[in-house]
Amino acid sequence: MPKLIVSIDGVVIKEVRLSKERTTLGRRPYNDVVIDNLAVSGEHAVLHMIGEDVYIEDLHSTNGTYINGTAVKKQQLAHQDLVEVGKYKIRFLARGTSADAPEPTAGHASDALHGVASDSVPLSVAPTAQMPLVANAGAAVLRVLSGAGAGREVSLSKVVTTIGKPGVAVAAVTRRLQGYVVAPIDGGTLLNGEPLGAEAVALQDGDTLELGGTRMQFVFV
């Protein structure tokens, strides 16, 4: 079964299996593939599955739909084609196996981002990828310092934990061999009071993160 691997800045945030004749992609919540980012139009593109062939059609989006760097209106997708909408990259896998996809550089999550308003803490995290956790990275948590959830702790036992609220600020904390790194996904994230750049940054015990007004401290336990 064909599959889409949706990522941003090397972090995979969603995997979608194509099982319908028509699959819509856009910012609005009624789409089959929802990407909550202002660079993505409300109804951005649609994928048509005809037998074993998959076509993508741009729906007159504001910022366009690109395949392997070229703007397209409608085009058949080939295995491993890279579709770009805004800052998001969508890898098309005709055979639908994770092994065919290139490994992301900052972790892997296989579902949509989860988050809550800035005055509380995340209530759920993205599921782990199909890869083992690394024992020698040590166990860590995010301790909430401000807002209604102050004092609560968010476990970082999974390979990737997403925090924040889509459309406001979202970041991904990834467990690697030698420790943890944090990378922005959407919106502004502060690390120790300074804006987090585009690249993943290693977290140290006691570091503070701030997303949408909520402050959290990274702590080894």
Side-chain angles (χ1 to χ4, degrees), residues 5-14 27 35-40 84 86-89 102-129 131 133-221:
I5 310 293
V6 184
S7 66
I8 184 169
D9 296 331
V11 179
V12 177
I13 61 172
K14 185 180 300 188
R27 193 176 71 251
I35 301 180
D36 188 7
N37 185 274
L38 292 178
V40 179
E84 296 178 73
K87 294 182 179 180
Y88 289 77
K89 300 182 185 299
E103 183 178 349
T105 58
H108 185 177
S110 61
D111 205 348
L113 294 176
H114 298 276
V116 294
S118 61
D119 60 352
S120 55
V121 297
L123 300 179
S124 56
V125 296
T128 83
M131 59 184 290
L133 293 177
V134 224
N136 59 340
V141 299
L142 286 175
R143 187 168 295 152
V144 182
L145 303 177
S146 66
R152 294 179 58 184
E153 293 184 347
V154 179
S155 172
L156 299 176
S157 60
K158 297 181 181 295
V159 175
V160 174
T161 302
T162 54
I163 55 177
K165 180 181 180 182
V168 178
V170 177
V173 178
T174 302
R175 190 177 186 184
R176 289 187 175 176
L177 184 63
Q178 300 301 330
Y180 293 79
V181 298
V182 60
I185 294 178
D186 188 16
T189 299
L190 299 181
L191 173 62
N192 298 325
E194 299 292 333
L196 194 61
E199 301 298 325
V201 176
L203 285 169
Q204 306 297 326
D205 190 35
D207 280 351
T208 60
L209 292 168
E210 184 172 346
L211 297 89
T214 297
R215 293 179 65 246
M216 290 167 278
Q217 185 175 40
F218 174 79
V219 181
F220 279 110
V221 293

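Here the structure is a predicted model, which is why all the values come from computation and not from measurement.
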Should V173 and V181 count as side-chain neighbours, where that means a heavy-atom distance under 4.5 Å?
no

Closest non-hydrogen contact found for G197 with P184 is O-CG, 3.0 Å

Judged by atom type as modelled, is there a donor-acceptor pair below 3.5 Å linking the side chain of Q217 to the main-chain atoms of G206?
yes

Please name the pair of heavy atoms, one in S146 and one in R215, separated by the smallest distance, quoted to 0.1 Å.
OG-N, 2.9 Å

What are the two closest heavy atoms between G86 and A39, and how far apart are they?
CA-CB, 3.9 Å

Over all heavy atoms of both residues, which pair between V11 and A172 is shortest? Give the atoms and the distance, please.
CG1-CB, 4.1 Å

Residue pair P195 / L190, side-chain heavy-atom distance below 4.5 Å
yes

Taking all non-hydrogen atoms of both residues, which atom of Y180 and which atom of A140 are closest, and how far apart?
OH-N, 3.5 Å

Out of T208, I163, L145, which one pairs with M216 under the side-chain contact (heavy atoms from CB on, under 4.5 Å) rule?
I163

side-chain contact (heavy atoms from CB on, under 4.5 Å) with F218: of L209, L191, V182, L156, only one passes, and it is L156

Shortest non-hydrogen contact between R27 and N37, atoms and distance
CD-O, 3.1 Å

Euclidean distance, L142 CG relative to L211 CG, rounded to 0.5 Å:
9.5 Å

Quick check: do K89 and I8 have side-chain heavy atoms less than 4.5 Å from each other?
no

If you round to the nearest 0.5 Å, how far is CD1 of I35 from NZ of K87?
13.5 Å

